[in-house]
Each structure stands twice: as structure tokens, then as C-alpha cells.
There are 2 protein chains.
Amino acid sequence: MVTRDRQRRVTITDVARHAQVSTTAVSKVLRNAYGVSEAMRAKVQAAIDELGYRPHHAARAMRGRTFTIGVLLPHIRNPFFADIIDGLTEEISASGYQAIMVQSGGRDPADERRASDALVDRQVDGVLWVAPVCTRAQLEKLARDTPLVVLGRHDRSALYDCVLDDDEVGAELVVEHLIGLGHRRIAHITQKDALGGRTATLLHTIRATTYERVMTEHGLAGHIAIAATSYTEEGGYEGTRELLARDPRPTAVFAGADQAAFGALAAIHEAGLSVPGDVSVAGYDNARITGLAHVALTSIDQDGAIMGKTAGRLLLERIAGRTAAVRFSVTPTLVARRSTAPPAEA
Amino acid sequence: MVTRDRQRRVTITDVARHAQVSTTAVSKVLRNAYGVSEAMRAKVQAAIDELGYRPHHAARAMRGRTFTIGVLLPHIRNPFFADIIDGLTEEISASGYQAIMVQSGGRDPADERRASDALVDRQVDGVLWVAPVCTRAQLEKLARDTPLVVLGRHDRSALYDCVLDDDEVGAELVVEHLIGLGHRRIAHITQKDALGGRTATLLHTIRATTYERVMTEHGLAGHIAIAATSYTEEGGYEGTRELLARDPRPTAVFAGADQAAFGALAAIHEAGLSVPGDVSVAGYDNARITGLAHVALTSIDQDGAIMGKTAGRLLLERIAGRTAAVRFSVTPTLVARRSTAPPAEA
């Protein structure tokens with residue numbers, strides 16, 4: 001295959017001639033662009049198959065498509081990631097692609113590196129990286145060889161696409177909601193920063209700094225209380241225990257992720273306190289399980305399925321040859337449920 | 001990188017020359033063969049790192065191990081699977097192995113086949129297949145080429161290992177618990193069988209037939225009510241709506257999996273009924289989230305982490321050469337929580 005490619009590389013022009021359509025039409029099919037009829041798509045695909053045409057991403061041209069999208073996830077326990085994967089799968093399976101997933105740990109850049117190497121060694125056609133904690137330079141290194149979409153970071157890079165929600169809007173909605181209910185002692189659970197210091201493009205940093213900003217704007221700077229643990233059940237549990245030990249204790253906890261909010265619920269219950277009677281709890285992500293009757297967690301909806309679907313579409317476009325970087329941002333909304341209510345003492 | 005590779009690809013010979021060892025020694029290190037000293041391994045690894053030698057995926061697979069375990073999961077939304085993956089990862093990472101996961105859908109053998117092909121194409125050293133719905137013959141076909149451990153099926157095969165819990169004991173514990181509380185109209189939510197007819201080795205079949213047996217033994221055969229949907233939130237939701245429409249409606253629902261129980265909670269709440277006041281709900285799997293204060297679901301603990309850890313150990317043994325098939329069975333226990341209570345009318 002490599003040898004044949006080198007001797008006489010099949011081009012878009014060859015495909016167009018073979019399919020008896022314009023090169024623009026071929027290019028549209030490859031980009032998976034809108035407004036291409038099914039008949040056109042079938043005709044072009046048949047020509048691609050017959051001629052063995054490989055789109056021009058250099059590395060892939062050497063090895064041929066694997067029809068595999070690699071997905072790096074911090075871990076599979078977070079149900080919000082299942083929403084993302086559902087959206088992604090829906091989008092890419094129509095093009096015959098399969099997603100393979102590797103857990104990256106989500107906290108240690110060295111673990112992430114091993115996970116990303118494992119994926120790249122498996123020769124995927126593109127990578128969706130959810131909530132990486134490594135540097136932008138490392139992401140760009142990967143993006144030079146492999147089409148890359150990053151989900152959940154606010155980077156601006158010319159080499160990869162970003163799918164994100166507006167975390168500043170989301171965090172502001174939660175804090176304003178709690179203040180609006182009458183809370184003043186509102187605490188926050190965030191994630192410890194793996195790289196040391198705060199990286200302004202990481203979503204947990206944006207949520208935490210927005211919390212501080214809104215508290216300050218409402219004259220509540222003296223009540224700012226942050227527990228820096230992690231966006232996991234354990235992190236939410238430990239962080240809440242730490243926050244409840246303060247005197248006076250907070251009347252509301254804004255956990256930066258639903259997973260951490262679940263841990264917060266457990267810690268509050270264990271301390272003999274009730275939700276929302278003694279402490280209100282709000283999360284972030286609106287993972288499907290938050291809506292279930294017995295959880296009923298107030299949260300921020302950023303529509304994981306749409307984010308996953310969009311990430312899939314962007315990857316297919318990149319695989320088809322797009323090189324210009326794009327950003328796709330979801331504007332989040334507040335979903336108020338039974339876990340938040342006015343404070344008892346208000 | 002690609003360009004440089006084309007100009008002059010680093011070969012094993014280059015690595016051997018650089019490390020001042022034989023190519024056989026390099027090859028042994030790459031194969032991770034026995035009898036290679038730590039000093040030799042370090043010397044060769046240093047040369048590999050300095051030259052940026054990257055064994056070709058296919059070439060390396062021909063030579064030996066890829067240090068990858070492929071995992072087929074129905075879907076990542078079920079939190080019980082996260083317990084399994086945690087256990088697996090803990091066990092295999094010490095040996096330098098990485099797990100890559102593919103969603104198999106868990107219902108349609110054709111989807112499963114595509115997912116399993118995608119994994120095998122990625123040249124994994126072994127496969128952990130969680131809750132497959134295909135035939136034993138298909139599993140054995142895979143097992144002839146790749147070390148295979150199947151989790152959650154009661155097959156007896158000479159070609160692969162099985163890790164399972166004693167689903168008969170587990171289902172009996174739930175039904176006896178509900179009967180012990182005074183319930184008589186106990187309904188069950190099971191999974192529709194993909195292959196048509198009941199396959200006796202599938203866990204959902206065992207749970208369903210055990211439910212029928214225990215009900216019959218207690219003279220409650222007339223109250224047997226089964227909704228055959230799926231082990232998902234949607235399945236639990238739909239199944240429960242169907243069951244609640246009966247007159248008289250059940251006073252308790254035994255969902256075959258926690259995921260389905262979460263859907264049941266939502267449906268009961270939506271119908272304006274309370275848990276456990278109007279309807280008791282029990283699940284199966286004891287996924288970590290079931291213990292959280294606001295969920296507090298009665299469930300069956302089959303220790304997913306131990307099952308995943310054991311599966312990892314069995315795979316490493318098979319990769320190292322074991323061919324005799326083994327079965328590892330966990331004896332489950334009942335964890336009674338607030339979602340089950342005596343019926344109001346008892």
C-alpha cells in the first residue's frame with residue numbers, strides 16, 4: 001500500500017473523474033459537509049473504495065484509515081462522560097467509525113501521557129481528549145500527527161479544535177442561584193491543579209475563580225471557602241467533611257462537578273444533616289442521573305450529548321482534511337431541583 | 001516526524017548499534033522475553049528513547065506483546081462497570097498493561113461483533129468481555145486467537161475463563177428479602193433476550209428464572225409479573241410504567257440491575273407514588289452510587305472491583321501461557337437500604 005502510494009498517489013481529481021462528479025463535490029463528501037445528497041455520497045464513496053483513495057493526512061496516507069476514533073477520558077465513572085460518548089457514537093457510527101476509549105486518570109500528566117501513547121500506538125484516525133490536564137504544548141505535539149478535538153478546555157490553539165461550555169456563565173448561574181435563595185456562607189469544591197498554580201484554561205479553575213468573583217461582587221468575599229480535592233465522589237466527600245468542620249459551617253455547597261456533589265450528599269448525610277434542610281448542594285454537568293427522583297440534584301446543564309456529537313463531527317471533518325481550528329461553545333443553563341432551598345436561618 | 005520517518009526510519013539495527021548490544025538482545029527486550037537482565041533492559045530502553053525508535057504497531061504485534069488488554073463493555077453508563085475497570089486497572093498496570101475499551105451495546109450480537117472486531121484489529125494481547133450476549137461458539141472463535149476472560153456469564157468452556165457471581169443466590173436473596181418484608185405482589189424487570197428464547201447461561205435469564213422459582217415456592221406464582229425491557233435507566237423506566245399500569249399494581253419491584261432500578265425510581269416518582277411508602281425498589285450490582293444518601297437503593301453486592309481484579313490476573317496468566325480454563329465465582333450478599341420497607345397494606 002505504501003509503495004503504491006509513493007509510486008502514484010491517487011488524488012481527489014482521480015476520484016472526481018472516476019465518479020464523474022466535480023472535485024468540489026468529492027471534497028464536500030470528504031468533509032462530510034452539509035447539503036450533499038445521499039446519492040452523491042454513495043457515488044463518491046464507491047469511487048474512493050475502488051481507487052483506494054486515502055485522504056491527505058500524511059501519516060494516515062502511509063497506513064490507511066483504521067476507522068477508529070480514540071477517546072481519552074479521565075475515567076468512566078463520571079456519568080456525564082457517558083452522555084458525551086453517546087453523542088459521539090451516534091455521530092461517527094454513521095460513517096463506519098468505532099470509538100475506543102482509554103482512561104487517562106484525569107489528574108497526573110504522566111498517566112495521561114501513557115494513556116495517550118497507548119491510543120496513538122493503536123493507530124487511531126483521530127483523538128477526542130476529554131478534560132486533559134497536561135500543557136497546551138503537549139496537546140499540540142499530539143495534534144501535529146493526529147486530528148485532535150479537545151473537550152472541556154478553554155485553550156486557543158491553531159492545531160486542534162475545542163468543544164467546551166461557557167464555564168464562567170455556568171458557575172455564575174449556580175452562585176447567583178444560591179445567593180438568590182438567601183445563602184451567604186456558600187462553599188465551593190474544586191479540583192487540585194496537577195501542574196501547580198492555576199492554569200486559566202482548565203475548566204475547574206474557571207469555575208473556581210468565577211465563584212470567587214461572584215461572591216466578591218455580592219460583598220461575600222469574607223465567606224469564600226474552597227476545598228481543593230477532586231471532581232470525584234471521594235473528592236466531594238472529603239472536601240465536604242473539611243467544609244462542614246468549619247465554624248460556622250456553610251449553608252450551601254457548590255460542587256464543581258456532579259460526581260463531587262454525590263460525594264457531598266453522602267458526607268452531609270453521614271454528619272447527620274439533611275439536604276436541603278441544613279445544607280443545600282448544587283453540582284455541575286447535569287448528568288442524566290442527577291434528575292432521578294431520589295437524587296434530584298440542582299445542576300448546570302451543558303448538554304454532553306451535543307458536545308460529544310459535535311466533537312465527532314469535528315473529528316470527521318479534520319480526518320477529511322480540514323486544518324483550520326474551530327471552537328464550539330455551549331451556553332449552559334441552570335436546572336434547579338430539590339437539593340437547593342433557602343437556608344433555615346434566613 | 002512522518003517526513004523524517006520516510007527519509008530514514010530508525011530500525012532495530014540502529015538501536016542495537018547505539019546500545020552496543022546484539023539485535024537479538026534488542027528483540028528480546030522488545031518481546032519482554034524472560035531471561036533479560038535489568039541492566040540490558042535499561043541499556044536498550046535508553047537507546048530506544050534516544051533514537052526515538054517506535055516499533056511499528058503491526059511489526060510489534062508480529063514480534064510479540066502490545067501490552068494492551070481490550071475490554072468490551074455493553075456501555076460505560078453503568079457505574080458497576082467502573083468498579084470492574086478500577087479492579088482490572090489496578091491489577092494489570094503493575095505489569096505495564098493498559099486497558100482499552102470499546103462499547104458493545106450489550107443487546108445486539110451484530111453490534112457486539114463489530115466492537116469485538118475493532119478491538120482485535122487493534123491487536124490486543126487479551127480480551128475481557130463483560131456480559132456478552134452472543135453465542136458461546138462466537139466467544140470460542142475469539143478465544144482460539146486471543147486470551148479471553150468472560151465476565152458475567154455462566155458458560156462452561158474449555159477455551160476461556162469465566163468470572164461471575166452466583167446470580168441464583170443473588171436473585172434469591174432479593175426476592176426472599178421482599179417476601180420477608182411482607183410483599184406478595186413483587187414484580188421483576190429483566191432484559192429482553194437478544195437471541196430469542198432464553199439462554200440459560202445469561203445472567204439476566206438466571207435472575208429472572210430464580211425470581212419465578214422463589215415466587216412459586218412461596219405460593220406466589222399468581223403474582224409473577226415480568227417486564228422484559230433492558231438493564232438500563234430507560235429499560236427500568238419503561239418496565240416500571242408498564243408494571244404500575246396493572247391493577248392491582250405491584251408493591252415491590254425487583255430490577256435486575258441498579259441502572260434499571262434508577263429508572264424505576266424515576267417512573268414511580270413521576271406517577272406520584274413514593275419509595276418505599278407505596279412501592280419498594282431493589283436493584284442488583286451494588287454500584288457505589290447506590291449507597292449515596294439520596295439514592296439509598298437496596299441491592300446485591302457482587303464486588304465489581306474483585307471481579308475486575310481477578311479478570312486481570314486471569315488474563316495475565318493466559319498471556320503468560322496458561323491454557324486450562326478456570327471459573328471464578330463470587331458469592332453475592334444483600335445490602336438492604338431505605339428503598340425497601342414493608343408494604344403499606346400489609
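Naming convention: chains lettered A, B, ... in sequence-line order (proteins, then strands); numbering from 1 in each chain.
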Within this structure, what is the CD1-CD distance for the pair A:I100 and B:Q103, rounded to the nearest 0.5 Å?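 It comes to 12.5 Å.
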
Any chance you could measure B:F81, atom CZ, to A:R77, atom CZ, to the nearest 0.5 Å?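 Taking CZ in B:F81 and CZ in A:R77, the distance rounds to 12.5 Å.
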
Minimal non-hydrogen separation, B:Q98 against A:A115, with atom names: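 Shortest heavy-atom contact: NE2-CA, 3.5 Å.
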
Of the listed residues (A:T89, A:D83, A:I85), which shares the most heavy-atom pairs with chain B below a 4.5 Å separation?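 The residue among A:T89, A:D83, A:I85 with the greatest pair count is A:D83.
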
Let me know if B:L73 has heavy atoms under 4.5 Å from chain A in its side chain, its backbone, both or neither.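 Side chain only.
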
Counting only heavy atoms closer than 4.5 Å, note whether [X] contacts chain B via side chain, backbone, both or neither.
| X | result |
| --- | --- |
| A:L119 | neither |
| A:D86 | side chain |
| A:S93 | neither |

What residue in B:G70, B:A82, B:A118 has the most heavy-atom pairs under 4.5 Å with chain A?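 It is B:A82.
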
